[in-house]
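Notes to accompany the following structure.
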Amino acid sequence: MDKEKELKIDVTDGAAIPTKKDKGLFTAWWCTLIGALVLLFYLITFYADPYLRILKFVSDGIVVTFKVTFASIFFSLIVGLITGLGRISKNRVINLIASVYVEVIRGIPLLVQLFYIYYALGSFFTVPPFVAAITAMTVCYGAYMGEVFRAGIESIDHGQTEAARSLGFNGRQTMFYVIIPQAMRTILPPVGNEFIALLKDTSLVSILAVGDLLRRGREFATETFAYFETYTMVALIYLLITLILSKIVSISEEKMRPYER
Amino acid sequence: MKDNNYIIHIENIYKFFHNITALKNVSLNIKPQEKVVIIGPSGSGKSTLLRTINRLEKIDKGRIIVDGQDITDKKCDINKIRMEVGMVFQNFNLFPHKTVLQNITMAPIKLKKIPPKEAEEIAYSLLKKVGIEDKANVYPAQLSGGQQQRVAIARALAMKPKVMLFDEPTSALDPEMIGEVLDVMINLAREGMTMVVVTHEMGFAREVADRVVFMDGGEILEQGTPEHFFTSPEHPRTKKFLSQIL
Ligand SMILES: Nc1ncnc2c1ncn2[C@@H]1O[C@H](COP(=O)(O)OP(=O)(O)OP(=O)(O)O)[C@@H](O)[C@H]1O
Ligand SMILES: [Mg+2]
């Protein structure tokens, strides 16, 4: 009966994910959620003009924000897996390419990357802003995800690899049948964190003429001069989305926990 | 060179880890159905020697032929050889994300393309053999150490190997569980399996071994029958080691 080792990968700048054990954070989460909801309903009921108008105006922006987020997450998971495998590759060239990629991306602010990819891509072909935005988010978060995957894979005991290899599995089969399925468990919390961080960072794509939540808010504000009201609404919506997502992440994490049953 | 008589032929091998010489000019031949027990003090190279047989450890010099295949040859398909050479580890190394049944059927299904139904039947009969048929659908974490090790043996046997390698299979177990694992190994030996076992269990060596090999400092210093070892060991370091352990 050996004790299960709990491996935790350092969290980055995603929202704090509440767990059941974490009583303080748990109540903080409820307080924030209820506060935000109460404020939202208060504003749209008692000050329907302009708040309800703002909400209606930016609602398609919310959809765009989600689209950018989900597409970027999807592609950055693929890029991340490849990068992570590259970072642990024994092939020097592959390893170097993956490492340089991570190093470069880590050293450049996302906003600069966004500009760069948009205009760099733009000088070769005409890319719709939406595609440019997803590409930039993927390039950036693919590198972060790569580090998460690498840490997750490296956290699996080497005995697992030896057991699989000794049965006759080749390196790739060992990775995909034995190592990665186990690494998923350690990877899930930081991936959930990246997911939330990415959602917040999508607000940066509003500078690329992508009609996301923040951009739609800006459009409304410049038209009506209701800056304070608009950004209050925008902030509230981001907050609510992030709160709900962090809850979903923590629930799926809990479901994932033991190997029993 | 008549390698054909031997299922394992180890010829003047060397293994270095940085500046450590883990194996120094080791030669060892093992016949089909033979049971060889390797003993020796900690750090003497027992595990390293065992692990060179399925190339978990690559040798730096010498030659190893397993079932007629030169595994030191670059062209050799090592995964094919590994399917014929089962290995049992000190720490079991079961796959924690798979049930007991899946642990056993995974390699036959994926590597030998055995239909899942058939693989499961084989798995159940192996579980019966190691005495835990009722645990087929639990996860390894829910088993005791002794049960886990028996599953690990069943997992290796599911590939129908010609040789079984054991690296201190009972060293990580609570004393009361050692017997159940050794019993499984003794039965396996009686069925005629070729076995190479690194162990400190001298009772097992006495009962099962055709040959005992004593290693020290990366070399084989002495080998012979269990009787020879326990009655008249020759090398002074063998005597010293046995006097400490018995
Ligand atoms: N991966 C490795 N890297 C560096 N040195 C190693 C490695 N594996 C083994 N060694 C060294 O090689 C020598 C032989 O080790 P080995 O594990 O084969 O000994 P052993 O007889 O199995 O010992 P034990 O009874 O403690 O298991 C030791 O000096 C050990 O420190
Ligand atoms: Mg050892």
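We name chains A, B, ... by the order of the sequence lines, and we start the count at 1 in each one.
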| said: Counting heavy-atom pairs closer than 4.5 Å to chain A, which one of B/L111, B/I81, B/N54, B/I78 comes out on top? | reply: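 Most heavy-atom pairs within the cutoff with chain A belong to B/L111.
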| Results of salt bridge (charged side-chain N to carboxylate O under 4.0 Å, His left out) for A/R165 - residues two or more places apart only |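 Counting only residues at least two positions away or on another chain, A/R165 forms no salt bridge (charged side-chain N to carboxylate O under 4.0 Å, His left out).
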| field | Rounded distance [0.5 Å steps], CE in B/M87 versus CG in A/L167 | value |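 Separation between the atoms: 11.0 Å.
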| message | Just verifying a value: how many Å separate A/S166 OG and B/N79 CG, rounded to the nearest 0.5 Å? | response |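 The distance works out to 11.0 Å.
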Taking the side chain as everything from C-beta on, heavy atoms only, tell me whether [X] gets closer than 4.5 Å to [Y].
| X | Y | value |
| --- | --- | --- |
| A/D157 | B/N93 | yes |
| A/Q160 | B/P96 | yes |
| B/R51 | A/E162 | yes |

More than 12 non-hydrogen atoms from neighbouring residues, nucleotides or ligands closer than 6.0 Å to [atom1] on [X], yes or no?
| X | atom1 | value |
| --- | --- | --- |
| B/F17 | CZ | yes |
| B/F16 | CZ | yes |
| B/K58 | NZ | no |

| query | Non-hydrogen atoms of chain A under 4.5 Å away: do they reach the side chain of B/V138, the backbone, both or neither? | reply |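 Neither part; nothing is under 4.5 Å.
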| request: Go through the atoms of B/F95 and report whether side chain, backbone, both or neither lie under 4.5 Å from a heavy atom of chain A. | output: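 Both parts, heavy atoms under 4.5 Å.
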| query | Residue by residue, which of residues 150-160 of chain B have a heavy atom closer than 4.5 Å to a heavy atom belonging to chain A? | reply |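 Heavy-atom contacts from residues 150-160 of chain B to chain A are B/R155, B/A156, B/M159.
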| request: With chain A as the partner chain, list the residues of residues 40-47 of chain B whose heavy atoms fall under 4.5 Å from it, by residue number, and write 'none' if nothing qualifies. | output: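 Not one residue of residues 40-47 of chain B has a heavy atom under 4.5 Å from chain A.
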| query | Is the NZ or CZ atom of B/K110 positioned over A/F169's six-membered ring, under 6.0 angstrom from the centre and within 45° of the axis? | reply |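 No, B/K110 and A/F169 do not form such a contact.
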Without placing hydrogens or testing angles, list every side-chain donor-acceptor pair under 3.5 Å for residues 62-71 of chain A, not counting sequence neighbours.
from: A/T65; atom 1: OG1; to: A/G61; atom 2: O; distance (Å): 3.2
from: A/T65; atom 1: OG1; to: A/L213; atom 2: N; distance (Å): 3.0
from: A/T69; atom 1: OG1; to: A/T65; atom 2: O; distance (Å): 2.7

| Under 3.5 Å, side chain of B/H97 to main-chain N/O of A/A183, donor-acceptor pair present? |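 Absent.
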